[in-house]
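Some notes on the structure that comes next.
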Amino acid sequence: MKTAVIYARVSSSNDRQNTQRQIEDLTQFASRNDYQLMGTYEEHISGATKNENRLVLMECINYCIENKVNYLLLSELSRLGRSTLQVLKSLEQLHESGVSVYIQNLGIHTLQPNGEVNPVASIMVTVLAEMANIERSNIVYRLNSGRDSYIKNGGKLGRKPGSVKTSEQKREEYKEVISLLRKGYSVRNVAKLGGVSTSTVQRIKKEFNL
């Protein structure tokens with residue numbers, strides 16, 4: 001019987017984001033394919049965190065390698081790293097030990113049954129990882145551009161002592177922050193992308209009930 005391990009990650013531990021669905025779906029996949037599930041690794045940490053600082057992911061990869069696990073099951077590619085280089089490095093480590101990665105939302109295994117790298121998966125992984133990098137860069141650009149435009153049109157960052165901004169002023173100034181929160185990004189991730197403090201993001205999140 002082939003062996004498998006599940007790795008599930010979400011950016012935060014709040015009620016809107018949890019790993020339950022990922023684990024349930026991957027457990028069902030393992031059962032349908034008669035994989036013996038050797039363990040489940042669950043992590044609540046920002047996707048922007050470097051792999052070496054994602055202790056659960058590192059522990060999971062090391063376990064798969066040391067125990068010659070056949071498959072590492074992921075819900076999507078972004079679970080494996082924050083950049084194209086890190087994703088490819090993790091895959092190389094796993095492939096060298098014969099561990100194939102199954103990516104659920106793509107429906108592919110990164111290794112073929114004969115142990116060779118799946119060329120289709122290799123191309124898709126590289127392209128999608130790079131697209132994720134571009135999307136992160138675009139988010140930072142939009143945030144900076146929106147802030148610059150706000151200032152050029154007379155808006156001022158911060159406020160004078162005793163002054164209070166209206167909800168509409170805050171909605172305009174922090175529109176990209178609000179957009180990211182609505183998409184489910186963690187407070188810490190939004191703060192990093194937007195160049196604002198986590199307390200500001202938390203305040204906006206609470207005020208607009210996001």
Side-chain angles (χ1 to χ4, degrees), residues 1-133 135-136 184-186 188-189:
M1 179 179 285
K2 299 291 186 180
T3 57
V5 163
I6 290 173
Y7 172 76
R9 179 190 65 79
V10 290
S11 296
S12 68
S13 57
N14 61 35
D15 292 337
R16 294 180 61 185
Q17 292 190 332
N18 64 71
T19 57
Q20 182 178 351
R21 175 56 64 86
Q22 294 178 45
I23 293 171
E24 288 178 352
D25 289 349
L26 292 170
T27 298
Q28 290 174 11
F29 173 81
S31 178
R32 288 196 303 271
N33 288 274
D34 292 325
Y35 296 163
Q36 181 183 356
L37 199 55
M38 304 296 291
T40 297
Y41 290 81
E42 183 179 355
E43 192 162 34
H44 296 82
I45 192 168
S46 168
T49 305
K50 292 182 178 181
N51 280 14
E52 54 264 33
N53 295 325
R54 292 166 59 181
L55 302 183
V56 177
L57 175 62
M58 293 295 94
E59 182 183 350
C60 176
I61 290 175
N62 289 335
Y63 177 88
C64 289
I65 292 172
E66 292 171 2
N67 293 276
K68 302 186 184 301
V69 172
N70 297 113
Y71 302 109
L72 172 58
L73 311 181
L74 309 174
S75 63
E76 57 184 74
L77 181 63
S78 63
R79 302 294 175 255
L80 201 57
R82 69 186 289 270
S83 69
T84 306
L85 181 61
Q86 289 188 331
V87 169
L88 296 179
K89 182 179 179 181
S90 295
L91 285 175
E92 183 179 13
Q93 287 179 295
L94 292 162
H95 290 170
E96 286 178 350
S97 298
V99 182
S100 179
V101 178
Y102 172 73
I103 307 168
Q104 184 183 29
N105 69 332
L106 300 180
I108 58 173
H109 289 83
T110 57
L111 292 182
Q112 300 180 98
N114 62 5
E116 294 183 359
V117 174
N118 180 345
V120 175
S122 181
I123 293 171
M124 292 180 70
V125 164
T126 304
V127 171
L128 289 172
E130 191 56 34
M131 286 177 65
N133 280 344
E135 175 61 17
R136 279 192 291 270
Y185 283 76
S186 69
R188 184 175 296 179
N189 221 354

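Counting begins at 1 with the first residue of the sequence.
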Return all side-chain donor-acceptor pairs below 3.5 angstrom for residues 115-122, not counting sequence neighbours, or 'none' if the list is empty.
unit_1 : atom_1 : unit_2 : atom_2 : d
N118   : OD1    : V120   : N      : 3.0
N118   : OD1    : A121   : N      : 3.4
N118   : ND2    : H109   : O      : 3.0

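In this structure, the separation between CG on L74 and CG on N105 is 9.5 Å, given to the nearest 0.5 Å. In this structure, T27 OG1 and I6 CD1 are separated by 3.5 Å, a value rounded to the nearest 0.5 Å. Annotation: the span from Q20 atom CD to D25 atom CG amounts to 10.0 Å, rounded to 0.5 Å.
Side-chain atoms of I61 and M58, non-hydrogen and from C-beta on, do get closer than 4.5 Å to each other. In this structure the side chain of E42 reaches within 4.5 angstrom of the side chain of I23, judged on heavy atoms. For the pair Y7/V56, a side-chain contact is recorded, criterion being any heavy-atom separation below 4.5 Å from C-beta on.
Residues satisfying the side-chain hydrogen bond (donor to acceptor under 3.5 Å, both in side chains) test with T110, not counting sequence neighbours, are H95. Listed by chain and residue number, K50, Q86 satisfy the side chain to side chain contact (heavy atoms under 4.5 Å, CB included) test with E52 (two or more places apart in sequence, or in another chain). For K2, the side chain to side chain contact (heavy atoms under 4.5 Å, CB included) partners are Y35, N70, Y71, not counting sequence neighbours. Partners of S75 according to the side chain to side chain contact (heavy atoms under 4.5 Å, CB included) rule, which considers only residues two or more places apart in sequence or in another chain, are Q22, R79, Q104.
Nearest heavy atom pair, residue L72 against residue V99, reads N-CG1, 4.0 Å. Nearest heavy-atom pair across H44 and T19 is NE2-CG2, 4.4 Å. Smallest separation of non-hydrogen atoms from L26 and L73: CD1-O, 3.7 Å. The minimum heavy-atom distance between V5 and M38, with the atom names listed, is CG2-CB, 4.0 Å.
Pairs engaging residues 59-68 under the side-chain hydrogen bond (donor to acceptor under 3.5 Å, both in side chains) rule: none recorded [sequence neighbours left out].
No donor-acceptor distance shorter than 3.5 angstrom exists from the side chain of S97 to the backbone of I65, with no hydrogens or angles considered.
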